[in-house]
Number of protein chains: 2
Amino acid sequence: MATIHDVAHEAGVSISTVSYALTGKRSVSEATRKRVEEAALTLKYLPNAGARMMGGTRSHIFALTAPMRHDTNPAVHMSFVLSLVNEARKFDYDVLLMTEDEATRGLERVTKSRLVDGIILLDVAADDERVELVRDLPIPSITIGVPDNTDGLICVDLDFRAVGEIAVRTLAEYGHRSIALVGQAEETYGRGATFPLRLRNGFDEAAARRGINTHFVFGDSNGGRLRARLEDLFNKEHPPTALVLNCDEFGHKTVESYLAAKGLRVPDDVSLLSAGTSFDMDELDIPLDTIDRNY
Amino acid sequence: MATIHDVAHEAGVSISTVSYALTGKRSVSEATRKRVEEAALTLKYLPNAGARMMGGTRSHIFALTAPMRHDTNPAVHMSFVLSLVNEARKFDYDVLLMTEDEATRGLERVTKSRLVDGIILLDVAADDERVELVRDLPIPSITIGVPDNTDGLICVDLDFRAVGEIAVRTLAEYGHRSIALVGQAEETYGRGATFPLRLRNGFDEAAARRGINTHFVFGDSNGGRLRARLEDLFNKEHPPTALVLNCDEFGHKTVESYLAAKGLRVPDDVSLLSAGTSFDMDELDIPLDTIDRNY
DNA sequence: CTGAAAGCGCTTACAG
DNA sequence: CTGAAAGCGCTTACAG
């Protein structure tokens with residue numbers, strides 16, 4: 001492996017000039033910068049990661065804690081993780097994966113050993129214990145998902161309230177006056193995840209403003225249970241003419257097959273709108289999927 | 001953050017003694033070792049990761065390349081990733097997550113910068129391009145999944161052939177003479193994944209040895225298509241009395257609901273055996289799940 | 001059984 | 001615009 005000395009020698013400059021030319025932390029004459037870059041390229045030079053961590057103050061690594069709860073949707077989870085890693089790379093950062101086992105002690109370990117420069121908390125619940133921990137840590141951290149106490153934190157999340165509102169507005173404009181929301185599994189609401197509740201609030205309030213009749217059923221990983229709830233739903237006096245699906249992929253499929261078995265055609269008899277979910281819809285015939293971002 | 005000097009001072013020894021006492025790379029008298037450990041504990045000392053990488057020869061980090069293909073089962077994928085991270089921690093290793101975007105250039109980067117000590121390739125296909133790459137890299141790597149050319153590689157995988165054999169043997173012992181295998185999606189076989197084929201081979205050969213009649217249908221992420229195949233299957237002259245399910249969770253559920261709709265009871269009319277899959281079976285009533293390991 | 005010291009390969013004040 | 005040199009915090013021969 002070529003070192004900074006090799007590059008300096010090849011380019012005929014000092015190692016400090018190589019460092020400055022490559023990091024851009026000091027202005028370097030156009031000519032020497034070019035020579036250094038060429039030398040680095042021909043020698044296939046990459047700075048030694050350990051030396052970079054020691055000499056400087058940055059490790060160029062983030063820690064990512066991504067807990068797998070019982071009700072975590074693996075597909076959605078993975079898409080978040082992959083996006084994060086790819087985005088980090090654009091800033092010359094790598095991502096260290098922390099498991100739940102290590103959630104607390106591990107974060108302290110990688111922080112105190114200066115292995116990571118920052119921490120990303122994925123899928124943060126309202127009363128997430130990781131939040132208290134990272135607040136005391138001397139490195140920056142951000143949460144994806146909004147905890148109850150956001151003091152001193154930078155929180156990022158999708159605007160699920162807006163998703164609920166947009167879903168209602170869209171269907172209202174098509175003339176629907178009775179709309180049902182098929183939500184996440186019941187336990188997801190229980191464990192403090194805030195996004196399904198925010199979506200539901202946006203949904204309810206937008207419907208109330210328009211005087212629209214609403215229904216709600218929990219999603220379910222058990223097809224029979226979900227089908228039974230749908231059956232109840234459509235046996236009501238004013239059954240919905242549109243369904244907003246915030247459940248998982250299996251829920252979507254169950255709804256589809258339930259409607260088909262029931263002889264209800266989409267969109268002639270019932271409209272379907274998928275909202276606030278993210279998975280591959282290739283196998284479905286859902287007309288729309290709405291997600292907005294906020295900060 | 002406490003450094004090795006702080007610990008040395010606190011324990012009244014030299015920094016080299018601290019290093020040796022903590023790493024165990026040289027014998028240290030019982031008494032001083034204890035003093036060093038106590039000092040480290042009270043100062044909450046953790047070795048600086050960058051310094052450890054530089055001074056020594058190890059970064060204590062593995063790179064994990066875990067491609068998400070179109071037919072990747074996210075749940076299975078995640079369970080592999082989490083297991084790997086947890087197992088790595090037992091050897092004082094952290095795991096750096098590489099995405100597909102960086103599969104080739106990224107591996108070279110983390111190797112040449114000495115960021116990682118080794119590479120783990122997950123879900124390796126028969127003609128996986130990553131295999132050629134890591135063969136030339138100066139650090140060790142292991143594959144999970146077996147490529148065509150295993151020269152100079154250490155390959156690890158589950159023994160899916162044995163899974164297929166065990167499935168047949170188990171059902172044969174219960175007296176079944178006509179067994180169907182519900183496999184992975186058709187495209188999974190196409191892209192060079194070897195495990196479903198190995199399972200199928202084990203299944204076929206074990207059945208042939210026993211003179212058992214076999215059927216095969218591809219799994220499918222589309223419920224209708226899979227149901228149609230099952231319908232064909234049970235309309236045959238000698239329909240199966242047992243199904244071995246190597247399909248994904250949705251496939252399992254589709255089979256269940258198909259059998260229920262058909263009026264076929266489990267296990268009275270048809271036996272079900274889940275083989276070579278890994279996901280939470282809480283929502284199913286499958287009787288058995290078999291996986292064996294080999295090296 | 002233990003210590004003084006070189007060295008790992010960078011970054012970054014300090015000088016010119 | 002550039003260089004010589006200190007220093008980051010470890011590990012590990014070299015000495016005793």
Side-chain angles (χ1 to χ4, degrees), chain A residues 1-37 39-40 43-61 92 109-117 138, chain B residues 1-37 39-40 43-61 92 94 109-117 138-139:
Chain A
M1 305 293 147
T3 73
I4 196 171
H5 286 99
D6 300 327
V7 178
H9 185 257
E10 174 82 13
V13 294
S14 72
I15 63 162
S16 53
T17 297
V18 172
S19 178
Y20 287 123
L22 259 27
T23 63
K25 294 195 179 174
R26 182 165 90 175
S27 60
V28 171
S29 82
E30 186 65 19
T32 72
R33 213 209 58 221
K34 264 205 172 136
R35 257 186 306 136
V36 170
E37 280 174 355
L43 293 175
K44 298 196 176 181
Y45 168 71
L46 281 179
N48 177 294
R52 188 157 71 148
M53 288 166 70
M54 274 250 315
T57 62
R58 312 254 90 112
S59 70
H60 288 264
I61 301 177
D92 198 18
R109 178 176 61 80
V110 295
T111 301
K112 299 203 65 160
S113 65
R114 316 235 61 145
L115 219 199
V116 306
D117 297 336
Chain B
M1 306 295 144
T3 72
I4 196 171
H5 287 99
D6 301 327
V7 178
H9 184 257
E10 174 82 12
V13 296
S14 72
I15 61 161
S16 54
T17 297
V18 173
S19 177
Y20 287 124
L22 260 28
T23 62
K25 293 196 179 173
R26 183 164 88 176
S27 58
V28 172
S29 82
E30 186 66 16
T32 72
R33 212 209 58 220
K34 263 203 173 140
R35 258 186 303 137
V36 170
E37 280 174 355
L43 294 175
K44 297 193 176 183
Y45 167 72
L46 281 179
N48 179 293
R52 188 158 70 147
M53 288 167 71
M54 276 250 315
T57 62
R58 312 254 91 111
S59 71
H60 288 264
I61 300 176
D92 197 18
D94 279 295
R109 178 177 60 80
V110 296
T111 302
K112 298 203 66 160
S113 65
R114 316 234 60 145
L115 219 200
V116 306
D117 297 337
I139 59 174

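Numbered from 1 within each chain, the chains take letters A, B, ... in sequence-line order. None of the values given here were measured: they were computed from a predicted structure.
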- Flag the pair A:Arg52 and A:Asp92 as a salt bridge only when some basic side-chain nitrogen lies within less than 4.0 angstrom of an acidic carboxylate oxygen.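 Counted as a salt bridge, because a side-chain N and a carboxylate O are separated by less than 4.0 Å.
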- So, A:Glu37 and A:Lys34, do they make that salt bridge, N to O below 4.0 Å?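 No, this pair does not count.
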Taking the minimum atom-to-atom distance to the side chain of [X], which one of [options] wins?
{"X": "A:Ala51", "options": "D:dT2, C:dC1, C:dC10", "result": "C:dC10"}
{"X": "B:Arg52", "options": "D:dT2, C:dT11, D:dC10", "result": "D:dC10"}
{"X": "A:Val28", "options": "C:dT2, D:dT2, D:dC10", "result": "D:dT2"}
{"X": "A:Tyr20", "options": "C:dT2, C:dA13, D:dT12", "result": "C:dA13"}

Atom [atom1] of [X] and atom [atom2] of [N]: how far apart are they, to the nearest Å?
{"X": "B:His5", "N": "C:dG3", "atom1": "NE2", "atom2": "C1'", "answer": "12 Å"}
{"X": "A:Lys112", "N": "D:dC10", "atom1": "NZ", "atom2": "P", "answer": "12 Å"}
{"X": "A:Leu46", "N": "C:dG9", "atom1": "CG", "atom2": "P", "answer": "14 Å"}
{"X": "B:Asn48", "N": "C:dG9", "atom1": "CG", "atom2": "P", "answer": "17 Å"}
{"X": "B:Met53", "N": "D:dC8", "atom1": "CE", "atom2": "P", "answer": "19 Å"}
{"X": "A:Arg33", "N": "D:dT2", "atom1": "CZ", "atom2": "P", "answer": "11 Å"}
{"X": "B:Ile15", "N": "C:dT2", "atom1": "CD1", "atom2": "C1'", "answer": "13 Å"}
{"X": "A:Ile4", "N": "C:dT12", "atom1": "CD1", "atom2": "P", "answer": "11 Å"}

- Item | Side-chain H-bond candidate by donor/acceptor type, B:Ser19 with B:Ser16, under 3.5 Å |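 B:Ser19 vs B:Ser16: no donor-acceptor pair found between side chains.
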Does a nitrogen or oxygen in the side chain of [X] sit under 4.0 Å from OP1 or OP2 of [N]?
{"X": "B:Thr32", "N": "C:dT2", "result": "yes"}
{"X": "A:Lys25", "N": "C:dT11", "result": "no"}
{"X": "A:Ser19", "N": "C:dT11", "result": "yes"}
{"X": "B:Thr3", "N": "D:dC8", "result": "no"}
{"X": "B:Ser27", "N": "C:dC1", "result": "yes"}

- Message: What I want to check is whether an N or O donor and acceptor connect the side chain of B:Arg26 with the base of C:dT2 at under 3.5 Å.
- Response: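 Yes.
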- Message: Does A:Ser16 contact D:dA4 through a side-chain donor or acceptor facing the base, at a distance under 3.5 Å?
- Response: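 Yes, the side chain and the base share a sub-3.5 Å donor-acceptor pair.
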- Any side-chain heavy atom of A:Pro138 within less than 4.5 Å of one from A:Lys112?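 Side chain of A:Pro138 against side chain of A:Lys112, heavy atoms only: no contact under 4.5 Å found.
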- Query: Are A:Met53 and B:Met53 side-chain neighbours, meaning at least one heavy-atom pair lies under 4.5 Å?
  - Reply: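 Sidechains of B:Met53 and A:Met53: in contact.
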- C:dC14: pairing nucleotide in any strand, Watson-Crick or G-U under 3.5 angstrom: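 Pairing partner: D:dG3.
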